[in-house]
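Throughout, protein chains are lettered first and strands after them, A, B, ... in sequence-line order, and every chain is numbered starting at 1. Quick caveat: nothing in here was measured; it's all calculated off a predicted structure.
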Number of protein chains: 2
Amino acid sequence: MTFFTEKPVTAADTTFFQLRKDIVEGNIAAGSKLSETQLSTKYEVSRAVIREAINRLEASNLVERKANVGARVVSFSPQGLIELYQVREALEGMGARLAAKNMSDDEIADLQQLLNSHSKKVESGESYYQEAGDVDFHYRIILGSKNQHLISTLIDGIYHLVRMYRVQLGMAGPRVTTAFDEHKHIVRAIANRDAELAEMLMRRHITYSMKNIETKL
Amino acid sequence: MTFFTEKPVTAADTTFFQLRKDIVEGNIAAGSKLSETQLSTKYEVSRAVIREAINRLEASNLVERKANVGARVVSFSPQGLIELYQVREALEGMGARLAAKNMSDDEIADLQQLLNSHSKKVESGESYYQEAGDVDFHYRIILGSKNQHLISTLIDGIYHLVRMYRVQLGMAGPRVTTAFDEHKHIVRAIANRDAELAEMLMRRHITYSMKNIETKL
DNA sequence: ATCACTTAAAGTGTCGACAATATTGCTATT
DNA sequence: AATAGCAATATTGTCGACACTTTAAGTGAT
């Protein structure tokens, strides 16, 4: 909902999306300074729209601003990554809990179907099961929570930061096969309307994911 | 940390704080439109700083903006309040868990002392145990989590929304005596470094608080 | 050579004006 | 009378210029 409807309407919108993409994908280095005048010439818009874009990036926790000094892209730190995953664990855990309560039967069926298509691709050797599939899975559950706060906090905020960290660490995608089993169990819990279990499994899933990243540091 | 250091340095800062106060305290009605020109004359600053302030209010989830249309103060809804408390439950639960791990012994001692002073005032009939005390308690635990994401999400964002809802519903403060016992148990869990229990008790505490509000609807 | 002070440069913060979009009210047609 | 289209108005979005702050460079004294 919040995510798929991201059509830019104003110049500040497009600049914001562009800047966010450039930051998340590492084209603008972590920790680097964002000069308003410089960006304004680079993106061929006035400083006003750059400022608006930077403000939104700040709200997304992708940049930090200091008054009268300027904005910098947030710099990577293992501690920051851990903190991010702690928040993610709390929010996505709650998301799974609510999804078990609030997802419609149709949505659950779709989710199971998505998992099946992933399953086939994994079995047939295609290691397609990568970022796109993983993201799709998590998005559906978050959206299934029907909690607008949760949805926008995760989808508009945290996920972009997570992706940025992934790029910084040079990780192609999430863990492949083991993660798939975890997904399966989560969906089963949701299908059984077992909110408690769904939350617990989702929290574990994210904890594992983080530990997997930690080993690569 | 993030909270006590809120000194305005720029005109946009002061305008933002003023506007936020006016919204949270209900001087600007929920659901009302925020006209840029109007506010610019009212607060005697240019539209640029008003726009910046509104942007930050939007990031705080206190107002909603639509392109080429304008900004409105978020409007109250029971559903919205429930969703807010669900997020709060998840985040403060994690906050308590982390506080049990990360608070220093001194900080815990201070927290216990704070609770004692509340206790005396409750026993002596002073129903002082109101918003200020409750807020102080929750802030210390959140800050004790040492998780910067958690801290800013709650203190810069969610708490203001919660206060706004409280004002809308005309609730003087939180539940008095029962809440105090809950606080006591939470602190004990933290002092015992029992992260699991601290999280569970905090989540319950917030759930109770929400149910208490629900009855008043 | 180092440090304090002054001054120049660069960058952010703020402003007022103009452009583009949305809303309102009116007119005309059926 | 109701509706569609159009004109007028009001509001937001964008721009360039100016003011203020920070930072860096440069000068002089110890």
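Aromatic ring orientation, Tyr159(A) versus Tyr139(A): parallel (interplanar angle below 30°, classes split at 30° and 60°). In this structure, His183(B) and His138(B) have perpendicular ring planes: the angle between them is above 60°, well past the 30° mark.
Rounding to the nearest 0.5 Å places CD of Glu36(A) at 5.0 Å from CD1 of Ile54(A).
Phosphate proximity of dT12(D) to Lys33(B): present, with a side-chain N or O under 4.0 Å from OP1 or OP2. In terms of phosphate contacts, Arg65(B) brings a side-chain nitrogen or oxygen within less than 4.0 Å of OP1 or OP2 of dG13(D). For dC15(C), one of the phosphate oxygens OP1 or OP2 lies less than 4.0 angstrom from a side-chain nitrogen or oxygen of Ser46(B). Neither OP1 nor OP2 of dT11(D) sits under 4.0 Å from any side-chain N or O of Lys66(B). A sub-4.0 Å separation between OP1 or OP2 of dT14(D) and a side-chain N or O of Thr10(A) is present.
Set against dT14(C), dT22(D), dT12(C), the side chain of Val69(A) has dT22(D) as its closest nucleotide.
Considering only residues two or more places apart in sequence or on other chains, Tyr85(A) meets the ring pair (Phe, Tyr, Trp, His ring centres under 6.0 Å) condition with none of them.
Of the N and O atoms on the side chains of His160(A) and Asn61(A), not one donor lies less than 3.5 Å from an acceptor on the other residue.
Relative to the axis of its first five pairs, the axis of the last five pairs of the helix from dA1(C)-dT30(D) to dT30(C)-dA1(D) sits at 10°, rounded to 10 degrees.
Counting any heavy atom pair closer than 4.0 Å across all strands shown, Leu39(A) reaches no nucleic acid atom.
If you check distances only, the side chain of Arg47(A) never reaches the base of dG11(C) with a donor-acceptor pair under 3.5 Å.
By the 6.0 Å contact criterion, CD on Gln38(A) is open, its count of non-hydrogen atoms from other residues, nucleotides or ligands being 12 or less. Environment of NZ in Lys33(A): crowded, with over 12 heavy atoms of neighbouring residues, nucleotides or ligands closer than 6.0 Å. For Arg204(A), the CZ atom sits in a loose shell: 12 or fewer heavy atoms of surrounding residues, nucleotides or ligands are nearer than 6.0 Å.
Contact of the Leu143(B) side chain with the Glu107(B) side chain is not registered, since no non-hydrogen atoms from C-beta on lie closer than 4.5 Å.
Residues from residues 48-58 of chain A that place a heavy atom under 4.0 Å from any atom of DNA chain D, listed by number: Ala48(A), Val49(A).
Between Glu44(B) and Glu36(A), it is Glu36(A) whose nearest contact on DNA chain C lies nearer the 5' terminus. Where Leu34(B) and Ala67(A) meet DNA chain D, the nucleotide closest to each residue was compared, and Leu34(B) sits on the side nearer the 5' end. Mapping Val9(A) and Asp13(B) onto DNA chain C by nearest heavy atom places Asp13(B) at the nucleotide closer to the 5' end.
Across the protein-nucleic acid pair, Asn68(A) atom CG and dA10(C) atom C1' stand 13 Å apart, rounded to whole Å. When rounded to the nearest whole Å, the span between CD of Gln38(B) and C1' of dA10(D) equals 12 Å.
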